[in-house]
Undergrad: 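Below: one structure in structure tokens.
Side chains are part of it too, since the values below use all heavy atoms of this structure and drop only hydrogens, waters and symmetry mates. Whatever order the structure lists ligands and atoms in, that order sets their numbers, starting from 1.
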Amino acid sequence: MTTDRETDGFETRAIHAGQDPESVTGSVITPIFQTSTYAQPAPGEHTGYEYSRTGNPTRTALQIALAALEGARHGVAFASGLAAEDTVLRSLGAGDHIVLGNDAYGGTFRLISQVITRGGVKWSAADLTDPELLDATWNPATRVVWMETPTNPLLTVFDIEALAEVAHKHGAKLVVDNTFASPYLQQPLSLGADLVIHSTTKYIGGHSDVVGGFVATNDDDWVSDITFLQNAVGAVPGPMDCFLTLRGLKTLGVRMDRHTANAQQIVELLTGHPEVSHVLYPGLEGHPGYDIAERQMKAPGGMVSFRVTAGFEAAKALTTNTRLFTLAESLGGIESLIEHPGVMTHASAAGSPLEVPDDLVRLSVGIETGDDLVADLSDALDQI
Ligand code: P1T
């Protein structure tokens, strides 16, 4: 490897880890190994690759690069964020219990509450802002505490270090979905988490042109089961998707700086605006997780949520009033997106402990010219 994981900086690892020039031709950029299978010298013998569900060199490069960014020994790539989650959750068995943070992506809630439960796994939601409460009310069947931080869509911040301590005290594992922060802003393994999940569809891919998922961990036993399941279940990304994700992640650092700077401009517009009752952003002094975010994140990131003073209909209408912010699901791409979580990304959580307020609007602030984004949102708010 041309990079040294221990000493090279984040941006150097993003550009070089797992991405040496290709050995046969010298291709500087990792090729798209668009093949399903590999010639073998003899039955039962192969040169490292036998079939592309099991392994593919473009995927190997992506797995090494992403593991290096999370400071992990192991990385496993999947066809989507939910495919990564599903494969990890298949390592649990009937009777095992999951504690899910009480704010999370609607698809994660749906997977845990409607799919994984079919195999006899139990779950409950918990407010993880108070680690002592989790400790005091611990369920002995709990094997995994599963959380996002910052959460989707309420931007709640949970204390990774404190929650890892509680989980470990009871012999359970802590899983952190690091999608909203990205490894540039937060590295949960270094704070005690056992496993990191990503939807690489978001900031890591960064260009809204590919769907993918990723697991990073230093847990040798757990990863050997997850790698077994990656092949046995088969929810793997294709080589073209791995190539696009690799291309995206090289610029993660510079993009995140710009996402954060633009988000801060938007937060300034929203704070104190008469049409806005609450601004949810971990970089805002007065946000309940501000101090924890200062400690565990490099910067507060590019996601901003807010509640509209005039309520549900006005919030919905606002999402159709913008010119530059596109009304769409997803996040983390270079372009700015706006959405109504209650009706869109989190509709599956209606009536559950993860239900979101119906006056909530979520922004994924892109890397366009900041002043243009402020003007666009300001005009849209004026139209309410
Ligand atoms: O969409 P997919 O790549 O399968 O990833 C699922 C997922 C996992 N974790 C978090 C925190 C996520 O936000 C997502 C996907 N979220 C959206 C599509 C969204 O608009 O919120």
Undergrad: Taking V166 as the fixed residue, which of D135, V99, V145 is the one that meets the side-chain contact (heavy atoms from CB on, under 4.5 Å) rule?
TA: D135
Undergrad: Are V279 and V157 joined in one hydrophobic group, where the rule is that I, L, V, M, F, W and Y side chains link up if heavy atoms are under 4.5 Å apart?
TA: no
Undergrad: Could you label the plane-to-plane angle of the H259 and Y203 rings as parallel, tilted or perpendicular, counting under 30° as parallel and over 60° as perpendicular?
TA: perpendicular
Undergrad: Identify the residue among T217, N218, D220 that makes a side chain to side chain donor-acceptor pair (under 3.5 Å) with H74.
TA: D220
Undergrad: For this output row, return yes or no: ring centroids of F214 and F78 closer than 6.0 angstrom.
TA: no
Undergrad: Pairwise, report which nitrogen or oxygen atoms of ligand 1 are under 3.5 angstrom from protein nitrogen or oxygen atoms, and how far apart they are.
TA:
{"from": "ligand 1", "atom 1": "3 (O)", "to": "G81", "atom 2": "N", "distance (Å)": "2.9"}
{"from": "ligand 1", "atom 1": "3 (O)", "to": "S199", "atom 2": "OG", "distance (Å)": "2.8"}
{"from": "ligand 1", "atom 1": "3 (O)", "to": "T201", "atom 2": "OG1", "distance (Å)": "2.7"}
{"from": "ligand 1", "atom 1": "4 (O)", "to": "G81", "atom 2": "N", "distance (Å)": "3.1"}
{"from": "ligand 1", "atom 1": "4 (O)", "to": "L82", "atom 2": "N", "distance (Å)": "2.9"}
{"from": "ligand 1", "atom 1": "5 (O)", "to": "S199", "atom 2": "OG", "distance (Å)": "3.1"}
{"from": "ligand 1", "atom 1": "9 (N)", "to": "D177", "atom 2": "OD2", "distance (Å)": "2.7"}
{"from": "ligand 1", "atom 1": "13 (O)", "to": "N152", "atom 2": "ND2", "distance (Å)": "2.9"}
{"from": "ligand 1", "atom 1": "16 (N)", "to": "K202", "atom 2": "NZ", "distance (Å)": "3.2"}
{"from": "ligand 1", "atom 1": "20 (O)", "to": "S330", "atom 2": "N", "distance (Å)": "2.8"}
{"from": "ligand 1", "atom 1": "20 (O)", "to": "R362", "atom 2": "NH2", "distance (Å)": "2.9"}
{"from": "ligand 1", "atom 1": "21 (O)", "to": "N152", "atom 2": "ND2", "distance (Å)": "2.9"}
{"from": "ligand 1", "atom 1": "21 (O)", "to": "R362", "atom 2": "NH1", "distance (Å)": "2.8"}
{"from": "ligand 1", "atom 1": "21 (O)", "to": "R362", "atom 2": "NH2", "distance (Å)": "3.4"}

Undergrad: Run the ring-ring contact (aromatic ring centres under 6.0 Å, His included) check on W146 and F109 step by step: do they pass?
TA: CA-CA 11 Å; W146 187 292; F109 165 72; over 10 Å; no
